[in-house]
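Within every chain, numbering begins at 1; the chains are lettered A, B, ... in the order of the sequence lines, protein sequences first and strands thereafter. Heavy atoms only: backbone and side chains are in, while hydrogens, waters and symmetry mates are out.
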Amino acid sequence: MEKIKITNLKKSFESKDVLDGVSLTIEEKESLVVIGPSGVGKSVLLKCLLGLVRPDSGSIRINGRETLGFAGIARDHGGSKVGMLFQGAALFDSMKVWENVSFQALQQGKGDKKEAYEKALENLNLVGLASGGDERVANLFPSEISGGMKKRVALARAIANRPDILYFDEPTTGLDPISSAVINKLIRECTKKIGATTLTITHDMSSVREIGDKVAMLYNGRIEWHGRVSTIDDSGNDHVHQFVRGLAEGPIQMQTDALK
Amino acid sequence: MNTFFPAVGRFFFDTLSTVGRLGGFVAAALWHCVTPPFYLKMVARQFVAIGYYSLPVVGLTAIFTGMVLALQSYVGFARFSAEGAIPNIVVLTMTRELGPVLAGLMVAGRVGASIAAEIGTMKVTEQIDALVTLSVNPFKYLIAPRIIAGVISLPIMVLIADTIGVFGGYAVSTASLDFNPSLYLVNTWNFLEVKDVTSGLIKAAVFGFLITLMGCYHGYYSNGGAQGVGQATTSSVVSSSVLIFFSNYVLTGLFFSR
């Protein structure tokens, strides 16, 4: 069943067409990874889905329902609960780790504080930050933990509400290879455990292979290629080939004019 | 000419779009101040941050202003033997003008800047986007509590500042200008009208609104990392200070013009 269906989505800033007719379909419980060079509009695509950016035209259907309402901005998510892991973790730095994880429950006044705390520990345990009932990390502030741990806390916060759709914005950017591997593995495990449909944007090929079922490549505001992860090495597409191999020469020209 | 007209047009459109953005922001902020859900805990926290922690600086400003008022008006009024008017001068100046304006300026510097920096940092680190994805409206959670707290706490602070300012004038007058203490207080009280105080408090509420609004607005639309946040704090303090002086003139005209 189609969970998310994006049709002919367009968005331009000033006179630059960032999204120039993007069409994508994500099946229920599928993990789609969108790859593409920096500045190609991956983040804009995600922000359109989240309702943070208003697309110029096109359609976003979730669970078969159009989410772009009267104002053209995605308001509800077709009845789905949505979780999001931001590139910089985006933890609330005025709150302790556990308050971040249980933020939504605390704001909605569901249950009492103690219950929210227990829930936070449970979710932190899922990302390996409260194993064996260790409550130390839960009571630290975000500024007191490392970048990799912040990402894990942000993951715990994103899945706290047991969403059926999860978005990941460059989950491994700025992390060392080991932390990246841990995050990739956790993302895979957590999304499987809660049975969520996921959309990840990244340019880290190790993430793509670990997290994705399918891959779509965004280039020049359009989906250049779309296929299973297993077929990415012999896609037959020059753009994908260049990106996957990380070649400087090829059809994708980075803006290097300033260097000449 | 080829560059002149496009420049004029661009300036015109930029101005219009800024005005439109500000108008939309004000409307949204006001709307979210009066519609549920209300985050009362956030309002209480902001009330403490904006009101309570500003009291020392506002109190110090008030007491020295009251003292200077008494000294300066003594020098001037002694030249035509009108020293007796000093209690009235002090209390009227404090309640009508200097109480609200100076408290407003101090709070603009202290609170307006910190609001802009806090919200601006939340903006550039995607914390505001994170709020949206966690189904919390940032206008309701971040902006409305600050505006509500500002509008309520500024008049209370100004009432306290008025009292402290009058006390400053009283202290200087009785200690070094040979005024009779009880006569000073009687004169202060007798010539004071309710309108003198209430007009100052209404001004204070307006200033509280403008300060918090400008802090939130510049923070919310800040971009570009540390530099953007720095720019936002500067813009917040400058614009709220100018708006305080401007609205003070308009309000004074409304209250006291014949």
Minimal heavy-atom distance between A:Ala90 and B:Ala130, with the atoms involved, is O-CB, 3.8 Å
For this session: Side-chain contact test, heavy atoms from C-beta onward, threshold under 4.5 Å: evaluate it for A:Phe86 versus B:Gln127 and give yes or no.
Result: no
Within residues 132-145 of chain B, contacts to chain A at heavy-atom distances under 4.5 Å involve B:Val132, B:Thr133, B:Leu134, B:Ser135, B:Val136, B:Tyr141
If you count heavy atoms of other groups shown closer than 6.0 angstrom to [atom1] of [X], is the number above 12?
X        : atom1 : answer
A:Glu118 : CD    : yes
B:Glu97  : CD    : yes
B:Phe38  : CZ    : yes
B:Arg45  : CZ    : no

CG (A:Leu52) and CD (B:Glu126) are apart, to the nearest 0.5 Å, by 9.0 Å
Cut-off 4.5 Å, heavy atoms of chain A, and the answer for B:Ile128 is neither
Counting heavy-atom pairs under 4.5 Å with chain A, the top scorer among B:Leu131, B:Thr125, B:Asp129 is B:Asp129
Okay, A:Phe103 and chain B: the region with an atom under 4.5 Å from a heavy atom over there is side chain
Under 4.5 Å to a heavy atom of chain B? For A:Lys81 that would be neither
